[in-house]
There are 2 protein chains.
Amino acid sequence: MARAATTTDAFNAVAEPRRRQILDVLSAGERPVNDLVRLLRLRQPLVSKHLRVLREVGLVDVRDRGRQRMYSLNGHPLKPIHDWVKTYERSWSRRFDRLDVVLEELKETKEDNRGNDE
Amino acid sequence: MARAATTTDAFNAVAEPRRRQILDVLSAGERPVNDLVRLLRLRQPLVSKHLRVLREVGLVDVRDRGRQRMYSLNGHPLKPIHDWVKTYERSWSRRFDRLDVVLEELKETKEDNRGNDE
DNA sequence: ACATTATATACCGATATGGGCATATGTCAA
DNA sequence: TTGACATATGCCCATATCGGTATATAATGT
């Protein structure tokens, strides 16, 4: 077996820095391929390939506009990453340090009657 | 050129699900290799290899205890992932939806006189 | 019909992966 | 010393990557 396909996961898709850059650009709004080519200074076929990966994991949507293809961000598949990594927050954040953690978490569960979404 | 090495990044290291599992186990406390082998039902050499990757990106620390090697979590390298993915929260969270976003963010900046860390 | 522009795909090469098994290294106990 | 246990490393294979170049596909303008 080899490494998992880049199209398996958002985890795998996003491990490639250029794909993260693409998403960063798209987060400001939809863009045709050539914009990305110019902004990121990459060859066009490379951008198209990266976009394919991003599309296959659902991180971008496409829309035809004349001879252009407008790509837009769809962050949904990033949620699992966020959820997973969030549970480790305590291991770098001061606020979640050592003994305080219990108290802190009690406090949180109270505060969570505030902004639960989804 | 090929895909970036798994040891390049936390991004790359963590793209492999078994490595995430290892971290999940270690988040409860340090463990010798054989514990991981048993808990995750993987062959010992495989676990050792995954641990090597995790060590090289700084996600785990090792400590010798007799003939065992105790591995422990070090979440710090995960922070960049968290920071990056956090900026996309709005694209899946109800709370950050569309027009509300401005109002919502204003509200946040007020609330942020609450728990800023680091 | 043709040329131009925008994008996608095909093919190639180099590389390093994850998992398999076998073996080396290291530590303790009799 | 010898043996048992714990872990790391070496070597093999199949695979898919990223990037490059060349070409296909598609839409527009003349």
Inter-residue atom distance B:Ser48.OG - B:Asn34.CG, 0.5 Å rounding: 9.0 Å
Ring centers of B:Tyr88, B:Trp84 separated by less than 6.0 Å: yes
Atom pair CG (B:Leu26) and CG (B:Leu36), whose distance is rounded to the nearest 0.5 Å: 5.5 Å
Atom-pair distance (CE on A:Met1; P on C:dG18), nearest Å: 11 Å
Position toward the 5' end of DNA chain D (nearest nucleotide), B:Pro32 or A:Arg19: B:Pro32
Any residue of residues 33-53 of chain B with a heavy atom less than 4.0 Å from an atom of DNA chain D: B:Val33, B:Asn34, B:Gln44, B:Pro45, B:Ser48, B:Lys49, B:Arg52
Distance, rounded to the nearest Å, where A:Glu30 contributes CD and C:dA6 contributes P: 16 Å
Value rounded to 0.5 Å, distance of CH2 in A:Trp92 from NE2 in B:His76: 9.0 Å
Nearest heavy atoms of B:Thr7 and B:Val57, plus distance in Å: O-CG1, 3.4 Å
Contact residues, residues 2-12 of chain A to DNA chain D [heavy atom, < 4.0 Å]: A:Ala2, A:Ala5, A:Thr6
Salt bridge A:Arg20-A:Glu16, side-chain N to carboxylate O under 4.0 Å: no
Full working for side chain to side chain donor-acceptor pair (under 3.5 Å) between A:Gln21 and A:Arg18: CA-CA 5 Å; A:Gln21 285 182 38; A:Arg18 259 150 304 239; over 6 Å; no
Whole-Å distance separating the CZ atom of A:Arg18 from the C1' atom of D:dC18: 8 Å
From CZ (A:Arg19) to CZ (A:Arg52), nearest 0.5 Å: 12.5 Å
Of A:Leu73, A:Leu40, A:Asp35, the residue whose pairing with A:Val25 passes side chain to side chain contact (heavy atoms under 4.5 Å, CB included): A:Leu40
Passing candidate, side chain to side chain contact (heavy atoms under 4.5 Å, CB included) with A:Arg63, options A:Met70, A:Gln68, A:Arg69: A:Met70
Proximity to DNA chain D (any heavy atom under 4.0 Å), residues of residues 61-72 of chain A only: A:Gly66, A:Arg67
